[in-house]
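Below: one structure, written as structure tokens.
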2 protein chains.
Amino acid sequence: MNAKERFEKFVTRKGLRRTLQRERVLEVFLATERHVTVQELYDLVRKKHSGIGYATVARTVKLMCESGVCRQVDFGDGSHRFEHKHGHEHHDHLICLECGKFEEIYSPELEKIQDRLVRKYGYIQESHKLDVFGLCPRCSKKKRK
Amino acid sequence: MNAKERFEKFVTRKGLRRTLQRERVLEVFLATERHVTVQELYDLVRKKHSGIGYATVARTVKLMCESGVCRQVDFGDGSHRFEHKHGHEHHDHLICLECGKFEEIYSPELEKIQDRLVRKYGYIQESHKLDVFGLCPRCSKKKRK
DNA sequence: TTAGATATTGATAATCATTATCAACTATAA
DNA sequence: TTATAGTTGATAATGATTATCAATATCTAA
Ligand SMILES: [Mn+2]
Ligand SMILES: [Mn+2]
Ligand SMILES: [Zn+2]
Ligand SMILES: [Zn+2]
């Protein structure tokens, strides 16, 4: 099952309707590898399909998140961004405070310890979000000068 | 050095001025142990000092964060909350998706592995934020029924 | 202690993102 | 095909944050 199928299935299962607008928003979202805001996605959508409204894009982003195709990432600068989730391994983020660049990081060991910790508190983990802020190699070199 | 001294020192060092309003906002913030929004802090402040404006509270919160007295916590529900930082050990959060309750968690082991991971990418860590979402013991029991 | 330079304040307006509204339209099942 | 109910796009409403500005307070240097 690819992301498109997953979304369609979700929409149907929820008793919602498959529309051309939703399909187009999804396609444009899947076609970019950036972490986009709603406004940025709206701008991308408008380049190809000028009739689609902002509200529809925002509503579709919400659906894409619920369906598991998409997830929200916030890097602490106040803007809400969205990235692909379906077909992508879980990962956390390492963000440079100086230039804004980021890395997608992952460590099974880290995840394992997290799980243990959560279980110790009697919680059942649904998801988690780890953002590390600091300086990237390039910016830390610059700073040391 | 306590939180108050730290804040005053920060204000002075920055060439800013010590004012009664800033002192009062800080005092009210330090007197609560909750994770408050700006609006909630404003409401608390107004109970004691009716003349202080919303803008002043918001501006002071920003300064408190810069000074290290306070830090922002976002639990993914869109609201920005603030908690004590000075004199408090670093901790992460474990949030119940059902009832909104949360735990403050900490694991030296987890932190150590995080550090190693960050260094592997050549980054210098400044801070990090880990939020785990799931079900608290009570809510997971309810769900199983 | 005083005076002047400059930061601060509180009220309000502006801004920005998100959400609600609603009439026209359309997907879906019968 | 038709009836039902979800969807759309434009726009208004909302809510949070930030900018503006004249009055006021702080701080420093004389
Ligand atoms: Mn990512
Ligand atoms: Mn906390
Ligand atoms: Zn950098
Ligand atoms: Zn709970």
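Heavy-atom basis, side chains included; hydrogens, waters and symmetry copies ignored. Here the structure is a predicted model, which means the values were calculated and not measured. Proteins come first, then strands; the chains are lettered A, B, ... in the order of their sequence lines, and each starts at number 1.
A:E5 and A:H86 share no side-chain donor-acceptor pair at under 3.5 Å. Inspection of the A:Y123 and A:R119 side chains reveals no N or O donor paired with an N or O acceptor under 3.5 Å. A:H128 and A:Q114 form a side-chain donor-acceptor contact under 3.5 Å, judged by distance and modelled atom types alone.
Looking at heavy-atom distances under 4.0 Å, A:K14 makes no contact with the nucleic acid at all. When heavy atoms are screened at a 4.0 angstrom cut-off, A:I52 is found touching the sugar-phosphate backbone but no base atom. As judged by a 4.0 angstrom heavy-atom cut-off over every strand, B:R59 is placed among the base-contacting residues. Within the nucleic acid shown, A:G78 has no heavy atom closer than 4.0 Å to any nucleic acid atom.
Distance check, rounded to the nearest 0.5 Å: CG of A:D131 to CG of A:D74 gives 8.0 Å.
We find that CD of A:E40 is positioned 13 Å from C1' of C:dA17, with the value rounded to whole Å. The interatomic distance linking B:L20 (CG) with D:dT24 (P) rounds to 17 Å, in whole Å. Atom-to-atom, CG of B:D43 to P of D:dG15 comes out at 14 Å; the value is rounded to the nearest Å. To the nearest angstrom, C1' of C:dA7 lies 17 Å from CD of B:E23. Between the CD atom of B:E8 and the C1' atom of D:dC27 there is a distance of 15 Å, rounded to whole Å. Rounded to an integer number of Å, the gap from A:R24 CZ to D:dT7 P is 17 Å. Protein atom CG of A:L16 is 14 Å distant from nucleotide atom C1' of D:dT8, rounded to whole Å. Atom pair A:H49:NE2 and D:dG9:C1' shows a separation of 16 Å (rounding to whole Å applied).
Distances shown here put a side-chain N or O of A:R22 below 4.0 Å from the OP1 or OP2 atom of D:dT8. Between A:T19 and D:dT8, a side-chain N or O to OP1/OP2 separation shorter than 4.0 Å is present. Put simply, B:Q21 has no side-chain N or O that comes within less than 4.0 Å of OP1 or OP2 on C:dT8. Regarding contacts with the backbone of D:dT17, every side-chain N or O of B:K62 stays at 4.0 angstrom or more from both OP1 and OP2. A sub-4.0 Å separation between OP1 or OP2 of D:dG9 and a side-chain N or O of A:T56 is present. The phosphate of C:dA17 (OP1 or OP2) has no side-chain N or O of A:H80 nearer than 4.0 angstrom.
Relative orientation of the B:H35 and B:F75 rings is tilted, given thresholds of 30° and 60° on the angle between their planes.
Of the candidates C:dT18, D:dA16, C:dA11, D:dA16 carries the atom nearest the B:Y54 side chain, counting heavy atoms from C-beta on.
Mapping B:G15 and B:R46 onto DNA chain C by nearest heavy atom places B:G15 closer to the 5' end of the strand. Between B:S79 and B:R17, the residue whose closest nucleotide on DNA chain D is further toward the 5' end is B:S79. Comparing B:A58 and B:R18 against DNA chain D, the residue whose closest nucleotide sits nearer the 5' end is B:A58.
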Next item on the list: Evaluate the side-chain contact (heavy atoms from CB on, under 4.5 Å) criterion for residues A:H93 and A:V132: first the C-alpha distance (whole Å), next the side-chain angles of each, then the deciding distance (0.1 Å), finally the verdict.
Entry: CA-CA 6 Å; A:H93 293 104; A:V132 180; over 6 Å; no
